[in-house]
*Asks:* 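Let me give you the structure first, and then I'll get to my questions.
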There are 2 protein chains.
Amino acid sequence: MPHTLDKIDTQLLTILQKNSNRTTKSIAKELGMTTSPIFERIKKLEKEGYIEKYVAILNNKKIGLKLTVFIGITLQGHTRSYLEKFVKEINNFPEVIECHRVSGNFDYLLKLVVEDIEAYETFIISKLTLLPYLGNVQSLIALSTSKETNEIDLSRVL
Amino acid sequence: MPHTLDKIDTQLLTILQKNSNRTTKSIAKELGMTTSPIFERIKKLEKEGYIEKYVAILNNKKIGLKLTVFIGITLQGHTRSYLEKFVKEINNFPEVIECHRVSGNFDYLLKLVVEDIEAYETFIISKLTLLPYLGNVQSLIALSTSKETNEIDLSRVL
DNA sequence: TTTATAAAAAGAATATTATTCTTTTTAATA
DNA sequence: TATTAAAAAGAATAATATTCTTTTTATAAA
């Protein structure tokens, strides 16, 4: 089943990615339509799975989580059963918001959000390095972030 | 101004991070309260900036973007003015959803979402490597992703 | 302790919006 | 051109957000 998204659908997805709290009325007005087709289209996009969920994005810094860190990890003797255990442990750490198995110079790439350097170090020492079979660990600490979004530019995929 | 978030506030943030389309009534019921204090608290969290925005999260695969790639970049002769130009260019690429200046073995770390390997290669060849002063470029291609979220576990920060 | 005060919650009323249903229009096809 | 199905519009209803007033709870001063 290939895409069956027309221009209005992609406009809706673009709008809702920016602000999912817009009223159907306001969206309808922007697109020069009435509320009912807008409403029905959005419901269809939800039902068909184009829209996964609606979430609130928090201001991490305001909450006290000021540091983003990426960690590249290689494992030493990785049996399949150990990999699964490793991933499960990693995913359970609240500091870890992303965990990707990757090809390239690492086996895994993690993204973490933590309070500060101290919290980062605590994570490394008292959580990460306690995991067995850990090989190389390389950290990239975000000094600044110029772009960080979930918004997908749909102009290229339409 | 340190946090002045009580238990109810953090519960609200936790709930809205998972699903921002919940009605105040349903949330109020879950927390054993009535709608008006819930409503007012949420508005306060918005106004004070704890909640940055509400967005729809799309299913990238469904839209045809099946590949996530991280790219570590070093620059060669980086004057300040060039860095700014470089970042601006990078941020304008629709494939790039994150761009971090990092300390460690790279100067920048990018996160990309693209259609497939071919689109990735096209990006490298016809966009990235056209930028001047590019030093080392190292790609980490996500083979699988076991965790990828914006949801912040507030139990540790409260 | 009591009493005064402010903040939070509850309750009630209203305004908006979401949602459903019916009718009309548009577009596609025979 | 006529026929049919899909999309949009319009109208009506149900649900929710939002506002306002009253009550309760917590806090601190007497």
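Letters A, B, ... are given to chains in the order of the sequence lines, protein chains preceding strands, and every chain is numbered from 1.
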*Asks:* Below 3.5 Å is the cut-off: list the nitrogen or oxygen pairs between protein and nucleotides 14-18 of chain C, distance only.
*Replies:*
unit_1 : atom_1 : unit_2 : atom_2 : d
C:dA18 : OP2    : A:T24  : N      : 3.1
C:dA18 : OP2    : A:T24  : OG1    : 2.8

*Asks:* Does a donor on one side chain and an acceptor on the other come within less than 3.5 Å for A:Q138 and B:N105?
*Replies:*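 Yes, side-chain donor-acceptor contact under 3.5 Å.
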
*Asks:* Would you work out how much the helix from C:dT1-D:dA30 to C:dA30-D:dT1 bends between its ends, with each end axis defined by five base pairs, to 10 degrees?
*Replies:*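 Both end axes considered, the difference amounts to 30°.
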
*Asks:* Name the nucleic acid region contacted by B:I8, choosing base, sugar-phosphate or nothing; use a 4.0 angstrom heavy-atom cut-off, strictly under.
*Replies:*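 Touches sugar-phosphate only.
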
*Asks:* What is the distance, rounded to the nearest whole Å, between atom CE of A:M33 and atom P of D:dG10?
*Replies:*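 Answer to the nearest Å: 12 Å.
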
*Asks:* Output the rounded distance in Å from CD1 (B:I42) to C1' (D:dT18).
*Replies:*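 Roughly 12 Å, once rounded to whole Å.
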
*Asks:* In whole Å, what is the span from the CZ atom of B:R41 to the P atom of D:dA17?
*Replies:*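 In whole Å, D:dA17 P and B:R41 CZ are 17 Å from each other.
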
*Asks:* If I take atom NZ in residue A:K7 and atom C1' in nucleotide D:dA8, what distance separates them, rounded to the nearest angstrom?
*Replies:*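 A:K7 atom NZ is separated from D:dA8 atom C1' by 18 Å.
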
*Asks:* Nearest-Å distance, CG (B:D6) to P (D:dA26)?
*Replies:*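 Checked: the CG to P distance equals 13 Å.
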
*Asks:* If you check the A:S36 side chain, which of C:dT20, D:dA7, C:dA9 turns out closest?
*Replies:*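 Nearest nucleotide to the side chain: C:dT20.
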
*Asks:* Roughly how many Å is it from CD1 in A:I38 to C1' in D:dA7, rounded to a whole number?
*Replies:*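 That distance rounds to 12 Å.
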
*Asks:* Could you check B:L75, B:T74, B:D107 and say which one makes a side-chain contact (heavy atoms from CB on, under 4.5 Å) with B:N136?
*Replies:*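 Exactly one candidate clears the test, B:T74.
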
*Asks:* Give the rounded distance in Å between these two atoms: CD of B:E40 and C1' of C:dG11.
*Replies:*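 About 12 Å, once rounded to whole Å.
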
*Asks:* Under a 3.5 Å cutoff, is there a donor and acceptor pairing between the side chains of B:S146 and A:N91?
*Replies:*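 A donor-acceptor contact under 3.5 Å links the two side chains.
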
*Asks:* Apply the hydrophobic cluster definition, ILVMFWY joined by side-chain contacts under 4.5 Å directly or through others, and give me every member besides A:L140.
*Replies:*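 When side chains under 4.5 Å apart are linked, the cluster holding A:L140 also contains A:F70, A:V102, A:F106, A:L109, B:F70, B:V102, B:F106, B:L109, B:L140.
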
*Asks:* May I have all residue pairs that pass salt bridge (Lys or Arg N to Asp or Glu O under 4.0 Å) and include part of residues 11-32 of chain A, sequence neighbours excluded?
*Replies:*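 Listed once each, the pairs are A:K18-A:E151, A:R22-A:E30.
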
*Asks:* Around A:E48, counting heavy atoms of other residues, nucleotides and ligands shown, do more than 12 lie under 6.0 Å from its CD?
*Replies:*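 For A:E48, atom CD is crowded (more than 12 foreign heavy atoms under 6.0 Å).
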
*Asks:* Rounding to a whole Å, what distance do you find between B:I27:CD1 and C:dA10:P?
*Replies:*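 Those two atoms, CD1 and P, are 15 Å apart.
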
*Asks:* Rest of the hydrophobic cluster containing A:I125 (Ile/Leu/Val/Met/Phe/Trp/Tyr, side-chain heavy atoms under 4.5 Å)?
*Replies:*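 Besides A:I125, the hydrophobic cluster comprises nothing; the residue is isolated.
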
*Asks:* Applying salt bridge (Lys or Arg N to Asp or Glu O under 4.0 Å), which residue pairs with at least one partner in residues 137-147 of chain A are found, sequence neighbours left out?
*Replies:*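 Sorted pair list comes back empty.
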
*Asks:* Decide yes or no for B:L31 and B:L12: does some side-chain heavy atom of the first lie under 4.5 Å from some side-chain heavy atom of the second?
*Replies:*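 With C-beta onward as the side chain, the pair touches.
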
